[in-house]
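Worksheet for the structure shown next.
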Protein chains: 2
Amino acid sequence: MPRMSAADRREALVRAALRVVARRGLARATTRAIVAEAGMSLASFHYAFASRDELVDALVEHVVGAEGTAVLVDELPGADVGDVVRLGLRRYLEHLRGDPDAEQAMLELTQHALRDPERHDVARRQYERYHELAEASLTAAAASAGVRWTRPVRDIARLLVAMTDGITMTWLVTRDDEAAEAAIDLLADTIGRAAAPDDPPAPEPGDRPTTAPAPAPETGATE
Amino acid sequence: MPRMSAADRREALVRAALRVVARRGLARATTRAIVAEAGMSLASFHYAFASRDELVDALVEHVVGAEGTAVLVDELPGADVGDVVRLGLRRYLEHLRGDPDAEQAMLELTQHALRDPERHDVARRQYERYHELAEASLTAAAASAGVRWTRPVRDIARLLVAMTDGITMTWLVTRDDEAAEAAIDLLADTIGRAAAPDDPPAPEPGDRPTTAPAPAPETGATE
DNA sequence: GTCTATAATGGGATAGAC
DNA sequence: GTCTATCCCATTATAGAC
């Protein structure tokens, strides 16, 4: 193996580790399996990381800190807000079906993080990000559709995030595509009913009954 | 330690294992930790179980096969169906708050089961049971409230089960009680809107379709 | 049947040559 | 810096006394 910078080596190991965790589960992702996957020696591993724990930490931050796979679509002109939710969740389901092991790895890593007070915060921040992302998308969708949410957007966002986890768990267990789609449709329809026509024909473009002030009716997550 | 039948010993070990998994996580639930918890020797363990794997299997079947903690209330006279859903989910949230580690242990064991084709079926059956239970409760709630579901009850049931998992994950990460309650309220309200007055006014007074056969009119899912 | 003591395994970490 | 070979330890599993 050619010389690599320590940073590159760490990066390569984290990627390899993710594949191994996806394939075999976190419990069986031994350092030996990981270095084999990465095509390097055990000693090289310990040159890049002080311990396996340190690698797992890096892995948690990597996947759980990766820019969130934006679930909701940013804009969809002329679409009902329910449709936006539906499409976003369907898109996520496609992603899940395409790489179930990766999503299961995510769950395992999150659970692992919950077991340690320090790591718990990493997971917590990630969920905050999820919620912010979902909220921004919902706000954008409503603005684009010319409706307002009759419930706090934050609550709807949290429902959406929770549903995503729930769909993931259920689908990983049952592998029932149709059931997942039915649940998605149902949720999208019911959420769609939490929107009402935005009666005042846009005096202030950025009005929404949420908590935080929205600067613009622009589409989607800014961060 | 007094003499115990092998069955009793297995039972005691499974219970001890559950406590250890809840406290430390599945990965760190070593046989040593488990026998210490159970107050017996390592050799006694291997007298009852051939291997640690065998114990974990028994544990999975024990928790995952335990009679489901019925989430929904059976009857609630005069209540709106949305209220039934709300109350059921709140009750579940109380349970979760009361023993978070136990629920996390459930998740870990389910995930563990997913990693092995044989064990996967155990989890699958459990989710089937969850869905049946939720469906029965929803059907009963509608009958008792004199309404009918405008969506297939099976779909609503699946949404509910997914939501339970989702709430569990989110709450375990964020520990945000108010957020969880808001999500529950929102879901309950929207699900409540999937019920319409049951026009034919109660031909059979003593009807409560707990499990399979709903004498009520159109509840939806035919299959 | 139940224990103590011990073997066997596997995996994390390191020494030291190059 | 990177490797091979090795150490060391935790854990599972078993032997054998009682």
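Letters A, B, ... are given to chains in the order of the sequence lines, protein chains preceding strands, and every chain is numbered from 1. What's counted below: heavy atoms across the whole structure, side chains too, no hydrogens, waters or symmetry copies. Please read all numbers here as calculations on a predicted model, not as lab measurements.
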Quiz prompt | Atom-pair distance (CD on A/Glu54; C1' on C/dA13), nearest Å | solution = 13 Å

Self-check item: Whole-Å distance separating the CD1 atom of A/Ile34 from the C1' atom of C/dG11
Solution: 12 Å

Practice problem: Would you mind telling me which of B/Leu138, B/Asp185, B/Ile156, B/Leu159 makes a side chain to side chain contact (heavy atoms under 4.5 Å, CB included) with B/Val85? | Solution: B/Leu138

Quiz item: Heavy atoms under 4.0 Å, any strand shown: does A/Ser41 hit a base, just sugar-phosphate, or nothing?
Solution: base

Exercise. Over 60° means perpendicular and under 30° means parallel, so classify the ring planes of B/His95 and B/Tyr92, tilted if in between.
Key: tilted

Quiz item: Above 12 or not: heavy atoms from other molecules or residues under 6.0 Å from CD of A/Glu94?
Solution: yes

Exercise. Would you mind building the protein contact string for nucleotides 13-18 of chain D? One character per nucleotide, 5' to 3', B for base within reach (heavy atoms under 4.0 Å), S for sugar-phosphate only, - for untouched.
Key: BBB---

Practice problem: When you get a sec, tell me which of D/dT11, C/dC3, D/dG1 is the closest nucleotide to the side chain of A/Tyr47? | Solution: D/dG1

Quiz item: Hey, is A/Arg158 close enough to B/Glu181 for a salt bridge, meaning N to O under 4.0 Å?
Solution: no

Quiz prompt | Within-4.5 Å side-chain heavy-atom neighbours: A/Trp171 and A/Arg97 | solution = yes

Quiz item: Among residues 14-29 of chain B, which contact DNA chain D at a heavy-atom distance under 4.0 Å?
Solution: none

Quiz prompt | Phosphate-side-chain proximity, A/Ser44 and D/dC3, N/O vs OP1/OP2 below 4.0 Å | solution = yes

Practice problem: Keeping to residues at least two apart or across chains, list the salt bridge (charged side-chain N to carboxylate O under 4.0 Å, His left out) pairs with something in residues 35-45 of chain B. | Solution: B/Arg19-B/Glu37, B/Arg23-B/Glu37

Quiz item: Between B/Arg119 and B/Glu61, does at least one N-O distance fall below 4.0 Å, as a salt bridge requires?
Solution: no

Quiz item: Can you tell me how far P of C/dC3 sits from CE of B/Met4, to the nearest Å?
Solution: 11 Å

Quiz item: For B/Arg24, does the CZ atom have more than 12 heavy-atom neighbours from other residues, nucleotides or ligands under 6.0 Å away?
Solution: yes

